[in-house]
Number of protein chains: 2
Amino acid sequence: MTTDPADTGMLRQTNRSLPIALLRARETLMEPVRIMLSKSQISEQKWRVLRVVSESGPMEQTSIARTACLLLPSLTRIIHALERDGLLERNVASTDRRKSIVTVTEKGRALIREHSAQSNQIFDDLEAQFGAEKLNTLLDLLEELQQVKI
Amino acid sequence: MTTDPADTGMLRQTNRSLPIALLRARETLMEPVRIMLSKSQISEQKWRVLRVVSESGPMEQTSIARTACLLLPSLTRIIHALERDGLLERNVASTDRRKSIVTVTEKGRALIREHSAQSNQIFDDLEAQFGAEKLNTLLDLLEELQQVKI
DNA sequence: GCAATATTGTTGACAAGTTAATGATTATAG
DNA sequence: CTATAATCATTAACTTGTCAACAATATTGC
């Protein structure tokens, strides 16, 4: 009796499934971050948006969406919530009134500062335990995977 | 002027962020699968559940959740929808009446057969373009990452 | 200048993710 | 045996993901 998928017409087994492996890796990785952020009522997504805008400076929403890996409808809602909580500001772009330029407020920067040490600690621990070289290999492979045209 | 995070007190830059790299890789990978499944009104999550139960045989929901990387509340809704559409069946376990045992119906198996060739094709193409060896390295690294205790 | 087209962001509707709380049932401690 | 605790699945409430449709504004081609 064989279990070769080619013989049975079955699907590739899920035990070495790349999509699920990516999901699981994310769970492992983000769990401590989510626990940290839950103390400030900040979701993983809001944290991504705050960090991206903080690092790049004032940005339009399409750029934020691309960088933070969010779709525009989600981003719209997240930014409205962050604006409501006083962590971001939006201003209509002078050159193109369709665009709104998003900026981190001082309150937003304070929140980022408040968590940055612990956030860095988490990823430093990861790097220490997993190994800097393996981490780099993994990042390279993941970037290369994004280039594959399926 | 330096941009070294150690000097500025800023966060690790997002341009080499592992969490976002994992997200992007998943997007690349799942886009063609989602397009394929959309023709049958099947979400990526429903597809995962169908495949997992199909491969493992009758299962209780806690096991499905663990294997398919879903939380129980999401799984409950997904299974109810799949049951409504006649793709799965649920039966109370004889040994433990808290548990319900989930089975794929013939209609469910037909749907899986209908898409299995194309699904395999997608991942065969990926393997061909990305390289089997790199794919294995990537899977190994991702599995190892899940073992890291942060 | 003006109609057709594209871009930017928003909204609506619904599925799925997340946390907390809740029955129902089973296991365990005393 | 019984009270307590643990497990399985569901529900509730809210956020986010996803697709389609939509205004508002810019751009392009004529």
Side-chain angles (χ1 to χ4, degrees), chain A residues 19-20 22-24 26-27 30-50 58-85 87-88 90-102, chain B residues 19-20 23-24 26-27 30-31 33-50 58-85 87-88 90-102:
Chain A
I20 289 187
L22 293 169
L23 267 181
R24 286 195 207 293
R26 260 191 68 78
E27 290 304 311
M30 295 311 295
E31 196 189 14
V33 178
R34 285 211 295 253
I35 291 170
M36 169 186 82
L37 295 174
S38 67
K39 286 160 192 150
S40 300
Q41 304 274 65
I42 294 289
S43 69
E44 185 194 325
Q45 291 82 354
K46 288 176 180 171
W47 179 242
R48 281 216 301 280
V49 171
L50 284 172
M59 286 175 92
E60 57 195 77
Q61 298 185 202
T62 304
S63 304
I64 299 174
R66 200 172 344 101
T67 311
C69 215
L70 292 165
L71 295 181
L72 270 174
S74 292
L75 185 64
T76 294
R77 285 158 194 145
I78 288 167
I79 284 181
H80 287 187
L82 289 171
E83 196 181 20
R84 172 176 44 73
D85 296 343
L87 302 169
L88 290 182
R90 272 188 313 162
N91 295 292
V92 175
S94 51
T95 56
D96 185 339
R97 297 195 313 183
R98 291 171 303 183
K99 300 180 182 176
S100 64
I101 305 298
V102 178
Chain B
I20 288 188
L23 266 181
R24 285 195 209 293
R26 259 192 66 79
E27 289 305 309
M30 294 313 293
E31 195 189 16
V33 178
R34 285 211 294 254
I35 291 170
M36 169 187 82
L37 295 173
S38 67
K39 284 158 192 151
S40 300
Q41 304 274 66
I42 294 289
S43 68
E44 185 194 326
Q45 291 82 354
K46 288 178 181 171
W47 180 242
R48 280 215 302 279
V49 171
L50 284 172
M59 288 174 91
E60 58 194 77
Q61 297 185 201
T62 304
S63 305
I64 300 174
R66 200 173 344 101
T67 311
C69 215
L70 292 166
L71 295 181
L72 271 174
S74 292
L75 185 64
T76 294
R77 289 187 292 241
I78 289 166
I79 285 181
H80 286 187
L82 290 171
E83 195 182 21
R84 173 176 45 73
D85 297 343
L87 302 169
L88 290 183
R90 272 188 312 162
N91 295 292
V92 174
S94 52
T95 55
D96 185 340
R97 296 194 312 183
R98 290 170 303 182
K99 300 179 183 176
S100 65
I101 305 298
V102 179

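Chain letters run A, B, ... following the sequence lines, proteins first, then strands; residues in each count from 1.
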Between A:Glu44 (CD) and C:dT19 (P), how many Å, whole number?
10 Å
Which whole-number value in Å describes the distance from A:Leu70 CG to C:dG9 P?
14 Å
On the nucleotide C:dT8, are OP1 or OP2 found under 4.0 Å from the side-chain N or O atoms that A:Ser100 carries?
no
Using a distance-only criterion (donor-acceptor N/O pair, under 3.5 Å, no hydrogens), is the base of C:dT25 paired with the side chain of B:Arg98?
yes
Could you state the atom-to-atom distance from CZ of A:Arg26 to C1' of D:dG17 in whole Å?
13 Å
For residues B:Glu27 and B:Glu31, determine if any side-chain heavy atom of one lies less than 4.5 Å from a side-chain heavy atom of the other.
no
With a cut-off of less than 4.0 Å, is there a side-chain N or O of B:Ser74 near OP1 or OP2 of C:dA16?
no
Would you mind classifying the nucleic acid contact of B:Leu75 as base, sugar-phosphate or nothing, using non-hydrogen atoms under 4.0 angstrom?
nothing
Closest nucleotide among D:dA9, C:dT26, C:dG9 to the B:Arg90 side chain
D:dA9
C:dA15, OP1 or OP2 - any side-chain N/O from B:Gln41 closer than 4.0 Å?
no
Identify, between B:Arg77 and B:Gln61, the residue whose nearest nucleotide on DNA chain D lies closer to the 5' end.
B:Gln61
Does A:Thr62 have a side-chain nitrogen or oxygen under 4.0 Å from the phosphate oxygens OP1 or OP2 of C:dT7?
no
Is there side-chain contact between A:Arg26 and A:Leu23, with at least one heavy-atom pair below 4.5 Å?
no
Minimum-distance nucleotide (side-chain atoms of B:Ser43 versus C:dT11, C:dA16, C:dT25)
C:dA16
Without decimals, in angstroms, what is the distance between A:Glu60 CD and C:dT7 C1'?
10 Å
Whole-Å distance between D:dG17 P and A:Lys46 NZ?
11 Å
B:Lys39 NZ to D:dC19 P, in whole Å, measures 14 Å
Spacing between A:Leu71 atom CG and D:dT16 atom C1', to the nearest angstrom
10 Å
Contact nearer the 5' end of DNA chain C, comparing A:Thr76 with A:Glu27:
A:Thr76
Closest approach of A:Thr67 and B:Arg24, non-hydrogen atoms and distance?
O-NH2, 2.8 Å
Strictly below 4.0 Å: does A:Arg34 bring a side-chain N or O up to OP1 or OP2 of C:dT18?
yes
From CD1 of A:Ile35 across to C1' of C:dT19 the rounded distance in Å is 13 Å
Do A:Arg90 and A:Gln61 touch side chain to side chain, with heavy atoms closer than 4.5 Å?
yes
Please check if the side chain of A:Asp85 supplies one atom and the backbone of A:Leu87 the other of a donor-acceptor pair under 3.5 Å.
no
Could you go step by step and tell me if A:Gln45 and A:Val49 meet the side-chain contact (heavy atoms from CB on, under 4.5 Å) rule?
CA-CA 6 Å; A:Gln45 291 82 354; A:Val49 171; 5.7 Å; no
Side-chain N,O (B:Ser38) to OP1/OP2 (D:dC19) below 4.0 Å
no
Indicate, yes or no, whether a donor-acceptor pair under 3.5 Å links the base of D:dT25 to the side chain of A:Arg97.
no
Closest to the 5' end of DNA chain D, once A:Ala81 and A:Thr95 are matched to their nearest nucleotides, is A:Ala81
